[in-house]
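Scroll down for the structure; my scribbles are underneath it.
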Amino acid sequence: MGCGMTFASPFLATLESRGFIHQLTDAGALDAAAAEGMITGYIGFDCTGPSLHIGHLVSIMMLRHLQAAGHRPIVVMGGGTTKVGDPSGKDDARPLLDDAAIAANMASIRTAFERFVVFGDGPSDAVMVNNDDWLSTISYVPFLREIGRHFSINRMLTFDSVRLRLDREQPLSFLEFNYMIVQAYDFLELNRRFGCVLQMGGSDQWGNIVGGADLIRRVEGRQAWGLTTPLITRADGSKMGKTAAGAVWLNRDLLPDFDYWQLWRNTDDRDVARFLKLFTDLSLAEIDGVMAGDINAAKVRLATEATALCRGQEAADAAAATAAATFGGGAGEALPKFAVAEPVTILDALVGLGFAASKGEARRLVAGGGARVDGEAVVDEGVMVGPGGKVSAGKKRHGLIIAV
RNA sequence: GGAGGGGUGGCCGAGCGGUCAAUGGCAGCAGACUGUAAAUCUGCCGGGUUUUCCCUACGUUGGUUCAAAUCCAACCCCCUCCA
């Protein structure tokens, strides 16, 4: 969508040209600040799950572009805000997580960032902080007097996150109602600690972000800005992040490299150009070149570039090589494997590889003509497969039987 | 507090004493066509069992029946209207 403006600062110009910008506050002043010198910006991430997923990728890429343009990114782990729970875009309150669960999720999540931004002590090196560090020590009455007085209930009631709940007569607890205040306070705290002047996030965060920028202006008398991305959906209307098979995790231990690569490889034709801009480092000129060629080659390029960013070049190349070999009729190393001591039936092999949830489902797969051993369709469910065999379910799912 | 309506398979939504593992739609999986895409058409779509067999399922717990998702009772939860 974008705002159609032209920007003087490389950072905003890049975001705009690549489709990252949905809304931003005082574009002219932010552009001037970013053009003039280094700025510090942040994005917060909740720790409600064990890993971030590709729905978070747009935000992560913005931090990457921020750093690439010579600015300083701050990754805020929402150890504290996760305890409150963001009502934005939700009909119901999320179950509250305990400290141990949040800490575990946070530890798992932080590893994903190391591939996208460079952490360190240099001026534009990324910083990671946990907002629990300052939120958990807040004293109630002093907080109300310093921060709470700047928030108008009248206005808070008009924010979408609150209004939608009230309009639908869904419950909204006082705890959740405070989320925006707590997030606004984060921005203030980051402004004080790091001179952070920009908060970015998804479009559902607009209210929270503006709240923070307002708070900084009122308390510190300084200007701060907010920027949101559009909600990225696939051509079929589905949201990024999830497929019917489950969340598309960034962490390798939750989703194998090959599966991650395959996911991008199977991108809808209509999404390829857009995704190349959002999820790879290729320049716009390179993308034009790629798109001018074969669409399937473009998808391979998207898959390899996106996988390299998230999982490393080596993993991306291995996945690409495996795909080339496997879909060329052979088999690649990165395929799922099932270790057996002696030959098993095709049914057990399909279940063992995770291609069928039950023997009944495996049976149906065979009956429907979808099962293959070494490329040959299996018609008899009694067929045995031993180590070295390649088992396929449909055209896209392939696995290897190996010896224990 | 009073009066109604409802809770069904991943989701939506029929069924309202046996013929119900439960119509239909969506999602999903597979086949055909293709390009590891989309669209379209076809099949499958609780679990086990080499299959006119067994198990588990229609909010929960009991009951009536030869037989219940379907009837009764109590309880839990949701919605609407009245106070």
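Each chain gets a letter, A, B and so on, in the order its sequence line appears, and its residues count up from 1. We use all heavy atoms of the structure for the numbers below, so side chains are in, but hydrogens, waters and symmetry mates are not. Bear in mind that the values here come from a model prediction, so they are computed numbers and not experimental data.
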Do other residues, nucleotides or ligands put more than 12 heavy atoms under 6.0 Å from the NZ atom of A/K337? yes
Once you apply the 3.5 Å cut-off to both distances, tell me the Watson-Crick or G-U wobble partner of B/A57, or none. none
Would you tell me whether A/T304 and A/D317 have side-chain atoms, one donor and one acceptor, within less than 3.5 Å of each other? no
Determine: side-chain N/O of A/R364 to OP1/OP2 of B/G28, distance under 4.0 Å, yes or no. no
On a whole-Å scale, what distance lies between the C1' atoms belonging to B/U64 and B/U56? 24 Å
Kindly indicate whether the side chain of A/K359 and the base of B/U50 share any N or O donor-acceptor pair separated by less than 3.5 Å? no
When you compare B/C20 with B/G15, how far apart are their C1' atoms, in angstrom units rounded to a whole number? 9 Å
Do any N or O atoms from the side chain of A/D125 and from the backbone of A/R72 form a donor-acceptor pair under 3.5 angstrom? no
Should A/K395 be listed as having a side-chain N or O under 4.0 Å from OP1 or OP2 of B/A32? yes
Distance check needed: B/A30 P versus A/R363 CZ, whole Å only. 19 Å
At less than 4.0 Å, is any side-chain N or O atom of A/K396 found next to OP1 or OP2 of B/A37? Yes or no. yes
P spacing across the pair B/G24 / B/C45, given as an integer number of angstrom: 12 Å
Side chain of A/D269: nearest nucleotide among B/G35, B/A38, B/C29? B/G35
Is A/R234 touching bases, backbone alone, or none of the nucleic acid, heavy atoms closer than 4.0 Å? nothing
Could you give the CD-to-C1' distance, from A/E361 to B/U50, as a whole number of Å? 18 Å
Could you walk me through whether A/S108 and A/N251 pass the side chain to side chain contact (heavy atoms under 4.5 Å, CB included) test, one step at a time? CA-CA 8 Å; A/S108 171; A/N251 284 26; 2.9 Å; yes
Counting heavy atoms from C-beta on, name the nucleotide in B/U49, B/G31, B/G47 closest to the side chain of A/S358. B/G47
Give the ring-plane orientation class for A/F143 versus A/Y185, where under 30° counts as parallel, over 60° as perpendicular and anything between as tilted. perpendicular
Presence of donor-acceptor pair under 3.5 Å, side chain of A/D294 and base of B/G35: no
